Amino acid sequence: MKKIILLVIASIFILGCNSNEEKQNIKDKPITDLSIYNLPEKWTNQDGKDIELKDLRGKVLVMVMIYTSCKSACPRLVADMRNIESKIPEEYKDKVQMVLVSIDPTVDTPKRLKDFSIENKMTGNQWVFLRSNEENTREFAAVLAVNYKKISPIDFSHSNIISVFNAEGELAFQQEGLGVSYDKTVSKIKEEAAKVE
């Protein structure tokens, strides 16, 4: 497992190296060493359905780690995700999955995630909210280079990173910070979505 994590983390340092512009039939290809789809953990979505990350294979993933009770950075990250999604051209919408992963699985039950998705008008098929146990969440945060720490019973300090994965689950781009331009993020999403059949 540590080998898989190290391989996936290594992909952070080779962002954007895939210049293959051909259409890809992802489902027929073996999973690469740098893919998050090697991670075997089980997650639960906002509908209470258990999934593995590889169930998302074949779509470009735009991912962020948040927690629903956050009052500071997370609302901005959620707004950024909505704004990014709104900039994706119609022809690519069904090739992109917007994924929000909770860093607070104790509070963020599937019902809470569902309510949060409704409150934030993120209820279409393109939106997926995920939670797991503490160990899986920590492991996945390490893969995304997201640091987080509980600073009170209801608050976390955490990195503000939006990650884009290609259809094979390899890290393609990361946007860090709040209030930054997401033009490059949208551009990378379009570039990767154009490769998906």
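Note that the structure is a prediction, hence the values are computed from the model and not measured.
Between Phe165 and Ile36, the shortest heavy-atom distance links the atoms CE2-CG2, 3.4 Å. For Ser102 against Leu113, the heavy-atom pair with the smallest separation is CB-CD2, 4.5 Å. Closest non-hydrogen pair, Lys114 versus Gln46, comes out as CB-O, 3.4 Å. Closest approach of Ile161 to Glu176, counting heavy atoms only: CG1-CG, 3.9 Å. Annotation for Leu39 and Phe140: closest pair CD1-CD1, 3.8 Å, computed over non-hydrogen atoms. The minimum heavy-atom distance between Lys121 and Arg82, with the atom names listed, is O-CD, 4.4 Å.
Linking ILVMFWY residues whenever their side-chain heavy atoms come closer than 4.5 Å, directly or via other members, leaves Ile66 and Ile118 in distinct clusters. Taken together through direct or relayed side-chain contacts under 4.5 Å among Ile, Leu, Val, Met, Phe, Trp and Tyr, Ile51 and Val99 form part of one hydrophobic cluster.
Each of Asn120, Leu100, Asn45 was compared with Trp127 under the side chain to side chain contact (heavy atoms under 4.5 Å, CB included) criterion, and only Leu100 meets it. For the side chain to side chain contact (heavy atoms under 4.5 Å, CB included) with Met98, the lone residue among Val64, Ile88, Val128 that qualifies is Ile88. The residue from Leu61, Asn166, Val96 that alone fulfils the side chain to side chain contact (heavy atoms under 4.5 Å, CB included) condition with Ile189 is Val96.
Looking only at distances, no side-chain donor or acceptor of Ser187 sits under 3.5 Å from a matching main-chain atom of Asp183. With hydrogens and angles ignored, the 3.5 Å screen pairs a side-chain donor or acceptor of Arg131 with a backbone N or O of Pro105. Side chain of Asp108 to backbone of Ile103: no donor-acceptor contact under 3.5 angstrom is found.
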Derivation of the side-chain contact (heavy atoms from CB on, under 4.5 Å) call for Trp43 and Glu52: CA-CA 6 Å; Trp43 298 81; Glu52 292 182 32; 5.9 Å; no
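Distance check: Thr137 OG1 to Leu130 CG gives 9.5 Å after rounding to the nearest 0.5 Å. The OH atom of Tyr182 sits 13.5 Å away from the CZ atom of Phe173 when rounded to the nearest 0.5 Å. Of the inter-residue distances, the one linking Cys70 atom SG with Asp104 atom CG reads 10.5 Å to the nearest 0.5 angstrom. The distance from atom CG of Asp80 to atom CG of Asn160, rounded to the nearest 0.5 Å, is 9.0 Å.
Salt-bridge formation is detected for the pair Glu192/Lys195: a Lys NZ or Arg NE/NH1/NH2 atom is positioned less than 4.0 Å from an Asp or Glu carboxylate oxygen. Remark: Arg57 does not engage Glu168 in a salt bridge, criterion side-chain N to carboxylate O under 4.0 Å.
Between Met63 and Ile162, the closest side-chain pair of non-hydrogen atoms is not below 4.5 Å. Using a 4.5 Å heavy-atom threshold, the side chains of Leu171 and Ser163 count as touching. Counting only heavy atoms from C-beta outward, the side chains of Phe116 and Val78 approach each other to under 4.5 Å. You'll find the side chain of Gln97 stays beyond 4.5 Å of the side chain of Asn125, heavy atoms only. Annotation: side chain of Lys95 is not in contact with side chain of Val60 (no heavy-atom distance under 4.5 Å). Using a 4.5 Å cut-off on side-chain heavy atoms (C-beta onward), Leu144 and Met65 make contact.
Checked by atom type, the side-chain pair Thr185/Gln175 shows a donor-acceptor distance below 3.5 Å. A side-chain N or O of Glu85 and one of Gln126 form a donor-acceptor pair less than 3.5 Å apart.
Residue Glu135 qualifies as open at atom CD: its count of foreign heavy atoms under 6.0 Å is 12 or below. Atom NZ of Lys93 has more than 12 heavy atoms from other residues, nucleotides or ligands within 6.0 Å.
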